[in-house]
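Remarks on the structure that follows.
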Protein chains: 2
Amino acid sequence: MTIIEAINQIVSLTNDEKILIENSFSVKRLSKGDLWIKEGQYCNHVAYINKGIFRIFYKDEYGSEISCFFMPKHNFISSYTSFLTQTPTKENIEAIDDVELLIINRDDLEKLSKKVRKIETWRRVIAENLFILMERRIAMLQSKTAQERYEDMMKENGDIILKIPLQYIASFLGITPQHLSRLRKNID
Amino acid sequence: MTIIEAINQIVSLTNDEKILIENSFSVKRLSKGDLWIKEGQYCNHVAYINKGIFRIFYKDEYGSEISCFFMPKHNFISSYTSFLTQTPTKENIEAIDDVELLIINRDDLEKLSKKVRKIETWRRVIAENLFILMERRIAMLQSKTAQERYEDMMKENGDIILKIPLQYIASFLGITPQHLSRLRKNID
DNA sequence: TCTAACACTTAACAAATGTTAATAAATTAA
DNA sequence: TTAATTTATTAACATTTGTTAAGTGTTAGA
C-alpha cells in the first residue's frame, strides 16, 4: 500500500491532490538498529513507513529501555507529543529492520494542509486512531494478565510479532524476557 | 478557580471573550452516585467541573467495572473518543461526590470556536495534555509495581485519593481491593 | 433503631511474575 | 570461517499479586 492509497482510504483524493501530496514527502532509508529520532531532539517530522518495522522506546530512571509501541509498514509514525507541542522528545524511534520512510516536516505539512484541506481531516483521524490505540493499551495493561496481553498481541499483530526480538516484546507487555519465554513455552 | 480563570491560564482572554465563553456554558448538578454519561450514549458535551469528583469507568467482558480516570474539580471532562468521533461511548462518567458542572454541547462549542478563535488553541492544549496524561499512565502500568503506582498516585493526587472509595482506586491501579488494603497497611 | 446491604480489612493459601544463574542458540565482528 | 558477543531458554527459588473466605466496620432504608 502506497502512502497515497493509505491517505485515500481515509479521505478520498483527486489526482491533483495525490500529486501535491506525493511531492511533499521525501524518501529516507535507515539500516537495522539506526535511530530515526533520538531522545532530547525536537521531532519536527511525520513519516509514512514504506518498508520495515519501527520500535518506539524511552529510558526509565535506571537507564533501561522501555518499549512503548511497534509500528510496521504502511502506518504513519512520529514522536507525537514532541511534534505537537514542539518540545524535546523523551522517545527514541529505532529501525528494527532495514526501513524506508517517506518524511515530511512541520512547515511542509502546514503548507500541504492549506493547499489540500482534506489533509486536516486526515490528520484528525490519525490523531483519533492513536488516541483509541492508547485507550486500548491502558485497558489491557490495567485488567489483563501477561498471558492474555500476549495472546491479544498475537491476534492483532501476529504478522510482525515474530520479527521483533523477544526482549522488546516483553518490555512492551510489561514483563521480563524470562517470563515471556516461559509463557511462549506454555502456549505452543 | 472559575472556568474563565482556567481557560485564561492557557490562552489569555479579553473581557468580551470572557463574557461570550461564560454565556455558552450552562450549569448542571448531579448527586453522588449519578451517572452523567452512560455507556451506549453519544457524548455530545464537554464540561468544566466546578465542584466534586468524577470517575470514568467501563465494564469488562465479565461485567466488572474498570475505573479509567478520576477527575477532580477545576478540570474539563468528557468521553473524548465519543465526542470526537461521534460514536457511542463505552464509558460511564459517574459523580463520586455531589457535583456541579458547566456544560457545553458540540454545536455551541463550534459556534464559540468561530467567535473566539483562541478557543481552538485551548482545545488543542486540552487534547495534548490528555495525550500526555495517557502516555504517563501507560508508562506507569507497564513498568512499575503496584506499590510504586500507588505511591506515585499519592504524590500526584494526594488531595483526592482519600475521597475516592478504595475499590475504585484498586481498579484504577490494576489490582484487587484486598491487595490495595494490604499495600496501605505496609506503607502507613 | 434495627437490619440488610455494602465496603474494608485480614489471613491462609494459590497463582503469576520477578530474580538469579547457568546453558544453549543466534548473531556479529574479526 | 571462528571467536566474541548478544539474545533466548530453562530451572530453582523469591516476591508480588490474586483468590477465597471470614470477620469488622459503615451506610442506607424499613
Side-chain angles (χ1 to χ4, degrees), chain A residues 30-35 52-53 55 57 59-67 70 92 94-98 139-154 160-188, chain B residues 30-35 53 55 57 59-67 70 94-98 139-154 160-188:
Chain A
L30 294 168
S31 304
K32 181 173 177 173
D34 289 350
L35 291 180
I53 302 177
R55 171 172 79 115
F57 69 93
K59 301 220 183 85
D60 69 13
E61 64 257 55
Y62 309 108
S64 312
E65 295 181 358
I66 312 286
S67 299
F70 304 108
N92 300 275
E94 179 197 57
I96 286 188
D97 274 319
D98 290 355
M140 184 146 288
L141 286 164
Q142 191 180 355
S143 65
K144 303 226 171 176
T145 65
Q147 178 159 341
E148 290 168 328
R149 290 185 319 250
Y150 180 65
E151 286 169 348
D152 285 353
M153 190 180 175
M154 288 267 278
I160 60 165
I161 216 170
L162 296 173
K163 293 181 186 164
I164 302 170
L166 173 140
Q167 52 176 332
Y168 297 162
I169 296 175
S171 158
F172 176 78
L173 295 173
I175 58 178
T176 59
Q178 293 90 325
H179 189 50
L180 177 53
S181 205
R182 181 160 43 193
L183 291 178
R184 278 187 168 169
K185 199 170 72 166
N186 294 341
I187 289 169
D188 305 336
Chain B
L30 294 168
S31 304
K32 179 175 178 174
D34 289 349
L35 292 181
I53 302 177
R55 170 173 79 114
F57 69 93
K59 300 218 184 84
D60 68 13
E61 63 256 58
Y62 310 108
S64 312
E65 295 181 358
I66 312 287
S67 300
F70 303 108
E94 179 197 56
I96 286 188
D97 272 321
D98 289 354
M140 183 145 289
L141 286 165
Q142 191 181 355
S143 65
K144 304 227 170 175
T145 66
Q147 179 159 342
E148 289 169 331
R149 291 187 315 254
Y150 180 65
E151 284 168 348
D152 284 355
M153 190 179 174
M154 289 266 280
I160 60 165
I161 215 168
L162 296 173
K163 294 180 187 164
I164 301 171
L166 172 139
Q167 51 177 333
Y168 298 161
I169 296 173
S171 158
F172 176 78
L173 295 173
I175 59 178
T176 59
Q178 293 91 326
H179 188 49
L180 178 53
S181 204
R182 182 160 43 193
L183 291 177
R184 277 188 169 169
K185 198 170 73 168
N186 293 341
I187 290 169
D188 304 334

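Below, each value reflects all heavy atoms present in this structure, side chains not excepted, and no hydrogens, waters or symmetry copies.
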Task: Sugar-phosphate only, base, or nothing, as touched by A/Gly174 at under 4.0 Å among non-hydrogen atoms - done: sugar-phosphate
- [ ] Report the distance from atom CG of B/Leu173 to atom P of D/dT16, rounded to the nearest whole Å.
- [x] 16 Å
- [ ] Measure from NZ on B/Lys32 to P on C/dC6 and round the result to the nearest Å.
- [x] 15 Å
Open item on the list: Let me confirm one number: the CD1-NZ distance from A/Ile66 to B/Lys144, rounded to the nearest 0.5 Å.
Closed with: 10.0 Å
Open item on the list: Could you tell me if the side chain of A/Phe70 sits less than 4.5 Å from the side chain of A/Ile161, heavy atoms only?
Closed with: no
TODO: Report the distance from atom CD of B/Gln147 to atom P of C/dT17, rounded to the nearest whole Å.
DONE: 19 Å
Task: Rounded interatomic separation in angstrom, taking CG from A/Asn186 and C1' from C/dA15 - done: 12 Å
Open item on the list: Nearest whole Å is fine: how far is C/dA11 P from B/Leu183 CG?
Closed with: 15 Å
Task: Length of the line joining B/Ile169:CD1 and C/dC8:C1', which is rounded to integer Å - done: 12 Å
Open item on the list: For B/Ile96, is there any backbone N or O sitting under 3.5 Å from a side-chain donor or acceptor partner on B/Arg55?
Closed with: no
Between N or O atoms, less than 3.5 Å apart, protein on one side and nucleotides 8-12 of chain D on the other: list the pairs.
| residue | atom | partner | partner atom | Å |
| --- | --- | --- | --- | --- |
| D/dA8 | OP1 | A/Leu166 | N | 2.8 |
| D/dA8 | OP2 | A/Gln167 | N | 3.3 |
| D/dT9 | OP2 | A/Ser181 | OG | 2.9 |
| D/dT9 | O5' | A/Ser181 | OG | 3.1 |
| D/dA11 | OP2 | A/Lys185 | NZ | 3.1 |

Task: Straight-line distance of A/Ile187 CD1 to A/Arg182 CZ, nearest 0.5 Å - done: 12.5 Å
- [ ] Would you classify A/Thr176 as touching base, sugar-phosphate or nothing, given that sugar-phosphate means primed atoms plus P, OP1 and OP2, and contacts are heavy atoms under 4.0 Å?
- [x] base
TODO: Kindly indicate whether the side chain of B/Ile175, heavy atoms from C-beta on, has any atom under 4.5 Å from the side chain of B/Leu183.
DONE: yes
Task: A/Lys163 NZ to D/dT7 C1', straight-line distance once rounded to whole Å - done: 20 Å
TODO: Note down the inter-axis angle between the two ends of the helix from C/dT1-D/dA30 to C/dA30-D/dT1, five pairs each, to the nearest 10°.
DONE: 50°
- [ ] State whether B/Lys163 and B/Asp97 are salt-bridged, where the test is any N-O pair (Lys NZ or Arg NE/NH1/NH2 against Asp/Glu carboxylate O) under 4.0 Å.
- [x] no
Task: Side-chain (B/Ser64) to main-chain (B/Asp60) donor-acceptor, under 3.5 angstrom - done: no
Open item on the list: Looking at B/Ser67, is its backbone amide N or carbonyl O close enough to the side chain of B/Ser171 to form a donor-acceptor pair, meaning the two atoms are under 3.5 Å apart?
Closed with: yes
TODO: Supply the atom-to-atom distance B/Tyr150 OH to B/Thr145 OG1, rounded to the nearest 0.5 angstrom.
DONE: 13.5 Å
